[in-house]
Amino acid sequence: MLVAECFSSLQGEGGLAGTPSFFIRLAGCNLRCRWCDTPYASHLPEGTQVGVEELVNLVAESGRRHVVLTGGEPLVQRDVSVLTAGIVRLGLHLTVETAGTVFREVECNLLSLSPKTSSSDPQGPWSERHRRRRENLVPARRLLRCHPEHQVKLVVQDELESEEICALVKALGVEPARVLLMPEGATAEAVAARAPMVAEMCLRLGFRYSPRLQVELLGGGRGV
Ligand code: SF4
């Protein structure tokens with residue numbers, strides 16, 4: 001599998017924020033979000049080919065009880081089902097992060113779905129393909145049905161996105177208590193500037209607020 005990086009860090013986002021975890025970041029993505037903070041795993045994928053068995057061994061040797069499989073978009077990789085089965089067999093807690101634009105059968109303890117809104121739309125040759133893929137909710141609904149233990153995380157840039165976010169949550173049929181909103185931003189300052197607006201949205205709409213500790217505490221970039 002094409003692996004961009006493996007590292008130990010605190011889970012930065014979602015219901016398990018703050019939990020020491022071992023991360024596997026697979027390279028390759030079928031979207032091109034305008035504000036993507038991991039271009040080395042999406043727009044310009046980099047990495048090394050690592051076998052599934054070797055990855056499972058790295059997880060076992062990490063000593064962490066929580067594992068996060070992220071990307072890129074992990075579900076575009078053909079062998080991801082074998083990898084998730086191998087990690088779950090170790091008896092560890094596995095979170096799979098996905099934008100939910102492609103379906104693949106995977107085993108995990110928490111499906112962390114991050115559907116994209118129009119704020120992610122890029123300009124240029126990828127524009128139409130990106131929009132078409134993010135608007136197709138069929139794979140996301142199927143993933144949510146297959147994984148009753150799920151959370152839905154949404155990046156927010158602007159309060160004007162309220163309506164679109166509510167419509168998306170409704171279309172996915174997700175309980176508000178499982179929805180977390182996070183401020184967009186590549187720096188701690190940018191995240192802090194949007195935090196009050198996102199907190200207010202959470203209060204108004206009944207969603208949860210999620211920090212982005214990988215940016216706020218650890219500065220963002222690789223290895224966090
Ligand atoms: S889905 Fe994630 S990895 Fe892919 S382009 Fe969007 S933000 Fe980047």
Side-chain angles (χ1 to χ4, degrees), residues 1-7 9 11-14 17 21 23-47 68-78 80 83-84 95-104 106 108 110-144 150-158 161 164-165 168 172 179-187 190-191 194 198 210-216 218 220-224:
M1 308 183 87
L2 188 59
V3 179
E5 56 183 353
C6 293
F7 55 92
S9 188
Q11 169 59 282
E13 305 174 344
S21 305
F23 289 78
I24 298 174
R25 186 183 306 286
L26 301 179
C29 187
N30 62 342
L31 297 181
R32 291 293 181 273
C33 301
R34 191 157 51 83
W35 34 251
C36 181
D37 56 3
T38 54
Y40 56 94
S42 58
H43 301 214
L44 302 162
E46 298 171 12
V68 183
L69 184 60
T70 188
E73 172 50 75
L75 301 193
V76 297
Q77 298 227 20
R78 206 190 45 225
V80 71
L83 176 60
T84 57
T95 300
V96 172
E97 303 271 358
T98 175
T101 58
V102 53
F103 179 84
R104 210 177 283 273
V106 285
C108 62
L110 176 65
L111 181 88
S112 184
L113 183 79
S114 297
K116 306 304 180 217
T117 62
S118 55
S119 76
S120 70
D121 289 347
Q123 301 207 315
W126 266 84
S127 169
E128 181 55 27
R129 200 175 347 168
H130 175 94
R131 191 187 55 75
R132 204 171 358 97
R133 286 178 177 167
R134 73 166 177 78
E135 285 183 348
N136 175 16
L137 300 183
V138 174
R141 289 199 191 100
R142 194 170 165 201
L143 284 164
L144 292 171
H150 56 248
Q151 64 182 14
V152 174
K153 298 185 302 176
L154 287 143
V155 167
V156 182
Q157 267 195 327
D158 194 287
E161 291 171 66
E164 184 181 356
I165 287 170
L168 179 55
L172 288 170
V179 178
L180 300 107
L181 305 186
M182 315 181 286
E184 193 272 326
T187 63
V191 169
R194 289 194 171 100
V198 175
S210 169
R212 297 186 64 217
L213 302 177
Q214 74 278 28
V215 180
E216 294 164 47
L218 304 168
R222 297 184 191 229
V224 296

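Indexing begins at 1, ligand by ligand and atom by atom, following the structure's order. Just so you know, these numbers use all the heavy atoms, side chains as well, and skip hydrogens, waters and symmetry mates.
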Sub-2.8 Å protein N, O or S atoms surrounding atom 4 (Fe) of ligand 1:
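N, O, S partners closer than 2.8 Å: Cys29 SG.
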So, Ser112 and Glu97: side-chain donor and acceptor under 3.5 Å apart, yes or no?
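Result is yes, a qualifying pair exists.
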Residue from Glu135, Glu164, Arg34 passing side-chain hydrogen bond (donor to acceptor under 3.5 Å, both in side chains) with Ser118
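The side-chain hydrogen bond (donor to acceptor under 3.5 Å, both in side chains) with Ser118 is passed solely by Glu164 among Glu135, Glu164, Arg34.
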Nearest heavy-atom neighbours spanning Asn30 and Glu73:
OD1-CG, 3.9 Å
How would you list, by chain and number, every residue that makes a side chain to side chain donor-acceptor pair (under 3.5 Å) with Arg194, sequence neighbours excluded?
Glu184
Would you say that more than 12 heavy atoms from the other residues, nucleotides or ligands in this model lie under 6.0 Å from the CD of Glu128, or not?
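Result for CD/Glu128: enclosed.
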Can you name the atoms of ligand 1, numbered from 1 with element, that are less than 4.0 Å from a heavy atom of Lys116?
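Atoms satisfying the 4.0 Å criterion: 1 (S), 6 (Fe).
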Name the one of Gln157, His130, Arg131 that satisfies side-chain contact (heavy atoms from CB on, under 4.5 Å) with Ser120?
His130
